[in-house]
Amino acid sequence: MASIRQNDLIQSVRDAFQFISYYHPKDFLDALASAYEKEQSSAAKDAIAQILTNSRMSAEGHRPICQDTGIATVFIKIGMHVQWTDATMSVTDMINEGVRQAYTLASNPLRASVLADPAGTKKNTKDNTPAVIHYEVVAGDGVEVICAAKGGGSEAKAKLQVLNPSDNIADWVLKTVPSMGAGWCPPGILGIGIGGTPEKAAVLAKESLMAPVDMAELKARGPQNRIEELRIEIYDRVNALGIGAQGLGGLTTVLDVKIMDCPTHAANLPVAMIPNCAATRHIHFHLDGSGPAVFDPPSLSDWPNVSWKADTQKSKRVDLDTLTPEEVASWKPGQTLLLNGKLLTGRDAAHKRIADMLARGEKLPVDFTNRVIYYVGPVDPIAGEAVGPAGPTTSTRMDSFTETMLGQTGLLAMVGKAERGADTVATIKKYKRAYLIAVGGSAYLVSKAIKKSKVLAFEDLGMEAIYEFEIQDMPVTVAVDSNGDAVHESGPKEWRVKIAELQGKAA
């Protein structure tokens, strides 16, 4: 009979969340490296190169892969015969104490993103607690734990539908994936839960993402049951959509498709789909009473020999301090830029406050005239850093503020990730402005371009405050130009045709 100490679980959870903040799972790295080698789209290949380079940098520097260090999710299976030694806390409190310690560790602080009272005051809990915990009591005398950190961008794209029993699940997925856009930072993994009740399907979808990436092995040996057939069918059909890395168009949108199912009511077919982004982070451990879990760091040889560097020959250097509307109007969709100078930041909460101030006729604390704003919520810096990992957040959340920002503040351009809505693209065209994207999943790489940082306004908003970054050669791509031409529309459209042609030649 296992006797497990309270601190063994606390320490194991703490170490697990620190470990996954800067180490990708090897199976994910291998799949991403394979996608990089196969990719024929130059834009998608460049994006994957940035993600792989960022991953190695994070592993070497022990700093977060992504600025969104996720909401802590824990699956725990407790043996019926487990005894807890010296336990003064509930298992829930033990897990939350481990999360608190992980997210507030001085040597690698992780971003606090969890808000209490979500329908009201939205007060940050400051330590990313509480975790979302899924319990199961099983036979045995050990404890099995999976810790995962799920970023808000991919969680926001979760889908749940109760289909009719006769509906085709693959068809629903193919109809749904394009509606998710690129805010979930592909290439990644789709987790699908089928059956049970709606809430059970959602948990199954999330749990399915915890399994190793094995699509290459599955396709090599061939499917052995209907679920494996469905995985392969969805994998092939989703990649044929041509969405590609970061939604720019390309051969690989998903690295794997995971499915778990459960018996369900004859009248229903609940299906949930949850994506895992390019910052896939999870780890499994077992406690048997012998002490806390030990996590062995991977070898740097596990990373592919891919090293992204700014291409000053192909990319145009832009001085933000002298930027004019005329220069913005000269940018072309798909063009790569290297930004230099002073860059403002601001995301959801800051935009809401700006809009409210303008509606009341109040003077803004920051002059946005001829400036560029970056949608980001950075990780707190440690010694020697101007800022912690600082990758882009999903831009569509700022769509409702774009008319105000472009029409009333003098803003010239915006930087974020993923596509913009049709109305926002029309607004960008109306004011002859531009929208640029940085690569989601390259937060630590991007942060190295930030040489200085200071808060200009709304300091009480924490990571959502308005900062001013001084940057040097920050890589971005023109996603919507001043004429309203959008690469997130043209790229996938072009690659759907190319993939169909490639498949026709291979047939």
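The model shown is predicted, which means the values in this text are computed figures rather than measured ones.
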Task: Residues T402, R420; criterion side chain to side chain donor-acceptor pair (under 3.5 Å); working and verdict - done: CA-CA 10 Å; T402 305; R420 306 306 294 264; 3.1 Å; yes
Task: E470 vs K451, salt bridge (charged side-chain N to carboxylate O under 4.0 Å, His left out): CA-CA, chis, key distance, verdict - done: CA-CA 6 Å; E470 290 189 28; K451 305 306 178 183; over 6 Å; no
TODO: Could you check K352 against D348 for salt bridge (charged side-chain N to carboxylate O under 4.0 Å, His left out), going step by step and ending with a plain yes or no?
DONE: CA-CA 6 Å; K352 177 65 166 63; D348 312 51; over 6 Å; no
- [ ] Could you walk me through whether L248 and V487 pass side chain to side chain contact (heavy atoms under 4.5 Å, CB included), step by step?
- [x] CA-CA 6 Å; L248 296 171; V487 296; 3.9 Å; yes
Open item on the list: With side chain to side chain donor-acceptor pair (under 3.5 Å) as the criterion, how do W331 and S482 come out once you've worked through the C-alpha distance, each side chain's angles and the decisive distance to 0.1 Å?
Closed with: CA-CA 8 Å; W331 296 341; S482 62; over 6 Å; no
Open item on the list: As a quick check of understanding, evaluate salt bridge (charged side-chain N to carboxylate O under 4.0 Å, His left out) for K123 and D117, giving each step before the final call.
Closed with: CA-CA 7 Å; K123 185 177 180 181; D117 190 19; over 6 Å; no
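Under a 3.5 Å cut-off, the side chain of S442 and the backbone N or O of V446 do not form any donor-acceptor pair. No donor-acceptor distance shorter than 3.5 angstrom exists from the side chain of N276 to the backbone of T280, with no hydrogens or angles considered. Side chain of S41 to main chain of G250: no donor-acceptor pair is present (N/O by atom type, distance under 3.5 Å, no hydrogens or angles). When atom types are taken as modelled, the side chain of S208 and the backbone of A205 share a donor-acceptor pair closer than 3.5 angstrom. Listed for the N370 side chain is no donor-acceptor partner under 3.5 Å among the backbone atoms of P325. Under the 3.5 Å distance criterion, the side-chain polar atoms of H282 are left unmatched by any main-chain donor or acceptor of P25. One N or O on the side chain of Q18 and one on the backbone of A102 form a donor-acceptor pair closer than 3.5 Å. Remark: side-chain polar atoms of N96 are paired, donor with acceptor, to backbone N or O of A131 under 3.5 angstrom. Distance alone, capped at 3.5 Å, is enough to place a donor-acceptor pair between the N54 side chain and the I65 backbone. Of the possible donor and acceptor atoms, one in the side chain of E39 sits under 3.5 Å from a partner among the backbone N and O of L251.
Rounding to the nearest 0.5 Å places CD1 of I189 at 9.5 Å from SG of C277. Rounding to the nearest 0.5 Å places OG1 of T394 at 3.5 Å from NZ of K417. Atom-to-atom distance recorded for W308:CH2 and T53:OG1 is 8.5 Å, nearest 0.5 angstrom. A distance of 6.0 Å separates NE2 in H488 from CD in E419, rounded to the nearest 0.5 Å.
Pairing each heavy atom of P186 with each of G244, the nearest pair is CG-O, 3.6 Å. In terms of heavy-atom proximity, V114 sits nearest to P130 at CG1-CD, 4.3 Å. Listed here is the closest heavy atom pair of T336 and S315: OG1-OG, 2.8 Å. The two atoms that bring P389 and S447 nearest to each other are CA-CB, 3.9 Å, heavy atoms only. Across all their heavy atoms, V387 and I450 have their closest contact at CG1-CD1, 3.5 Å. Heavy-atom minimum distance, G440 versus C185: CA-SG, 3.6 Å.
Using a 4.0 Å cut-off between charged nitrogen and carboxylate oxygen, K493 and E489 do not count as a salt-bridge pair. Electrostatic pairing of D68 and R111 counts as a salt bridge here, judged by a charged N lying under 4.0 Å from a carboxylate O. The pair R353-D460 counts as a salt bridge, with a side-chain nitrogen and a carboxylate oxygen less than 4.0 angstrom apart. Between K309 and D311 no salt bridge is recorded (no basic side-chain N to carboxylate O distance below 4.0 Å). Salt bridge absent: E468 and K342 never bring a charged side-chain N and a carboxylate O closer than 4.0 Å. By the 4.0 Å N-to-carboxylate-O rule, K430 lies close enough to E403 to be salt-bridged with it. In summary, K258 and E207 do not engage in a salt bridge, as defined by a charged side-chain N under 4.0 Å from a carboxylate O. Taking a cutoff of 4.0 Å between a charged side-chain nitrogen and a carboxylate oxygen, R371 and D367 do not qualify as a salt bridge.
Between F295 and F285, the ring planes are perpendicular. Angles over 60° get that label, and only those under 30° would be called parallel. Taking the six-membered ring where the residue is Trp, F17 and Y103 present tilted rings, their angle falling between 30° and 60°. The aromatic rings of H62 and Y22 lie parallel to each other, their planes meeting at an angle below 30°, with 60° marking the opposite boundary.
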Give the table of side-chain donor-acceptor pairs shorter than 3.5 Å for residues 472-481, with sequence neighbours excluded, one pair per line with atom names and distance.
| unit_1 | atom_1 | unit_2 | atom_2 | d |
| --- | --- | --- | --- | --- |
| D473 | OD1 | R317 | NE | 2.8 |
| D473 | OD1 | N340 | ND2 | 3.1 |
| D473 | OD2 | R317 | NE | 3.4 |
| D473 | OD2 | R317 | NH2 | 2.7 |
| D481 | OD1 | N483 | N | 3.0 |
| D481 | OD1 | G484 | N | 3.1 |
| D481 | OD1 | D485 | N | 2.9 |

For a quick test of your reading: what N or O donor-acceptor pairs under 3.5 Å do the side chains of residues 151-161 make, sequence neighbours left out?
| unit_1 | atom_1 | unit_2 | atom_2 | d |
| --- | --- | --- | --- | --- |
| S154 | OG | K150 | NZ | 2.9 |
| S154 | OG | G151 | O | 3.2 |
| E155 | OE1 | K150 | NZ | 2.7 |
| E155 | OE2 | K206 | NZ | 3.0 |
| K157 | NZ | M180 | O | 3.4 |

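Looking at heavy atoms from C-beta onward, Y36 lies out of side-chain contact with P304 at the 4.5 angstrom threshold. The side-chain heavy atoms of W172 and I192, taken from C-beta on, include no pair separated by under 4.5 Å. Side-chain atoms of L337 and Q335, non-hydrogen and from C-beta on, do get closer than 4.5 Å to each other. Annotation: side chain of H134 is not in contact with side chain of V74 (no heavy-atom distance under 4.5 Å). Using a 4.5 Å heavy-atom cutoff, the side chains of Q101 and I10 are in contact. At least one side-chain heavy atom of L339 sits less than 4.5 Å from a side-chain heavy atom of V415. Between P298 and F19, the closest side-chain pair of non-hydrogen atoms falls below 4.5 Å. Residues V318 and L338 have side chains not in contact (no heavy-atom distance under 4.5 Å, counting atoms from C-beta outward).
Judged purely by distance below 3.5 Å, without hydrogens or angles, the side chains of N108 and R63 pair a donor atom with an acceptor atom. A side-chain donor from one of D399 and T424 sits under 3.5 Å from a side-chain acceptor of the other. Between the side chains of Q50 and D46, at least one donor N or O lies within less than 3.5 Å of an accepting N or O.
A search for ring-ring contact (aromatic ring centres under 6.0 Å, His included) contacts involving Y135 returns nothing, not counting sequence neighbours.
None of Y467, F469, F368, Y374 except one satisfies the side-chain contact (heavy atoms from CB on, under 4.5 Å) rule with L344; the exception is F368.
If you look at H351 and Y375, their ring centroids are closer than 6.0 Å.
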